[in-house]
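In what follows, a single structure is set out as structure tokens and then discussed.
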Amino acid sequence: MDYNNQYSTTSYGQSGGMNGGGFMPGSQGDSPSGKKSYGKDTLRPVTIKQLLDAYHPNPDAEHFMIDDAEATQVTFVGQVRNISQQTTNVTYKLDDGTGIIEVKVWVDTDAMNDEGESKTKVAEQGYARVYGRLKAFGNKRHVGANVIRPIQDHNEIQYHLLEATVVHLHFTRGAPESLQQGKGGMNGAANGMGAQQDGGYGDRSMPSHMSPAARKVFACIKTTPQTNEGLHMQDIATRINLDVNDVLKAGDELQGLGMIYTTVDDHTWAILEV
Amino acid sequence: MSESTPRITAPYLEQFSHQTVRILGKVRQLRGEQATIDAGGQISVFLNRDSHLQLNHAVEIIGKVQNDLSVRVMASTDFGPEGGIDFNAVDAVVDVTHRYPEMFYHKEQ
């Protein structure tokens with residue numbers, strides 16, 4: 001059983017596993033691909049079908065992708081079909097109408113006395129909410145859960161499914177703000193965004209976590225006529241009326257995302273076409 | 001994927017005949033083995049021995065849609081008095097289920 005081993009690679013050790021923070025992205029030297037940087041941990045609401053459809057970005061990757069976004073912690077609501085008490089864990093079979101998946105909650109002997117009571121409240125045929133990580137063991141998938149709790153209000157089922165839909169649309173069609181762009185009558189940054197969408201960047205949407213400054217800088221480089229040397233940050237700063245330091249920061253961010261690259265010197269940037 | 005039970009309302013019955021579906025509705029009539037529930041329209045359901053429906057309660061039914069668009073109940077879950085459930089949200093869930101099926105069920109072409 002390398003379950004334990006796998007489990008310790010999650011953030012379980014950090015304040016009970018619910019806490020993804022603490023690390024800055026890129027502050028860990030161990031993997032340039034950023035494969036295990038918990039700073040990027042997110043908690044995403046999903047349907048069980050999305051978990052079953054999740055895929056590995058490459059054959060030996062440990063993490064899963066959903067809608068081309070890395071899925072770390074996930075949460076969902078489902079109906080408990082079966083509960084089976086094992087020596088090391090409790091296995092629940094959950095069905096949310098989109099699929100069925102097993103959820104394992106590890107038995108923590110120390111916490112047994114405190115939590116034993118609340119755990120028993122999850123009942124067969126009742127609905128429960130799960131927080132955890134998707135795991136693959138052989139060909140079988142399960143969710144290693146930090147928390148499973150019975151739901152009190154049945155509206156939470158609808159709430160969860162709608163929330164999961166919003167997040168799905170966010171990743172597949174972009175944030176609502178970028179969908180509203182180009183509806184006419186918008187100012188500089190918005191027009192730039194519009195241009196970006198039909199531009200060489202294809203229909204690949206911008207990462208949702210980009211800062212507004214980075215979006216502006218990107219749009220500026222994208223739309224300003226230039227040589228193949230790109231634009232200098234001073235030039236960008238005057239064009240979009242932003243402090244040079246902010247432009248510099250935005251430039252770093254965009255380079256980190258692989259969206260721009262440096263040309264003649266460190267402060268002259270061009271769009272990285274893919 | 002046979003394991004998914006798409007959430008539907010009455011207008012979707014025909015599209016899902018002979019399939020196993022999930023319906024959240026309000027119990028309107030109880031007649032022994034048979035009942036009528038309201039979920040975007042009246043749906044007549046045939047109960048099994050384990051289903052305990054209560055009038056004016058919200059109930060979630062998993063069942064198979066028959067030829068005559070009635071539903072044979074396989075499992076039912078009581079969701080409490082119907083006033084406790086926001087049916088606008090329920091309708092929204094059915095809407096997104098069929099608008100974005102990639103998240104919810106395997107759609108046969």
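Letters go in sequence order (proteins before strands), and every chain restarts at 1. Computed from heavy atoms alone, side chains included, the values below leave out hydrogens, waters and symmetry copies.
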side-chain hydrogen bond (donor to acceptor under 3.5 Å, both in side chains) filter on R31(B), not counting sequence neighbours, yields Q29(B), T36(B)
Within the supplied structure, the quantity of interest is the number of heavy atoms (other residues, nucleotides, ligands) at a distance under 6.0 Å from E156(A) CD; does it exceed 12? yes
Provide the full list of salt bridge (charged side-chain N to carboxylate O under 4.0 Å, His left out) pairs with a residue in residues 159-168 of chain A, sequence neighbours left out, each pair given once. none
Please tell me if the side chains of L161(A) and R7(B) come closer than 4.5 Å, counting only heavy atoms from C-beta onward. yes
Taking atom types as modelled, find out whether H154(A) and E60(B) have a side-chain donor-acceptor pair closer than 3.5 angstrom. no
Tell me which donor-acceptor pairs under 3.5 Å the side chains of residues 9-18 of chain B have, and how far apart each pair is, sequence neighbours excluded?
from: S17(B); atom 1: OG; to: E14(B); atom 2: O; distance (Å): 3.4
from: H18(B); atom 1: NE2; to: N67(B); atom 2: OD1; distance (Å): 3.0

Please find the pair of heavy atoms, one from K49(A) and one from M103(B), that lie closest to each other, and give the distance. CB-O, 3.5 Å
Just checking heavy atoms, which of residues 69-92 of chain B are less than 4.5 Å from chain A? T77(B), D78(B), F79(B), G84(B), I85(B), D86(B), A89(B), V90(B), A92(B)
Would you say T47(A)'s side chain and F104(B)'s backbone share a donor-acceptor pair under 3.5 angstrom? no
Is there a side-chain contact between I48(A) and E3(B), using heavy atoms and a 4.5 Å cut-off? no
I'd like to check R99(B) versus L169(A) (side-chain heavy atoms, cut-off strictly below 4.5 Å). Are they in contact? no
Count the heavy-atom pairs under 4.5 Å between each of I66(A), D96(A), D153(A), D67(A) and chain B, then report the option with the highest count. D96(A)
Would you mind checking which part of Y127(A) comes under 4.5 Å of any heavy atom in chain B, side chain (CB onward), backbone (N, CA, C, O), both or neither? side chain
For the residue pair V96(B) and H168(A), establish whether any side-chain heavy-atom pair is separated by less than 4.5 Å. no
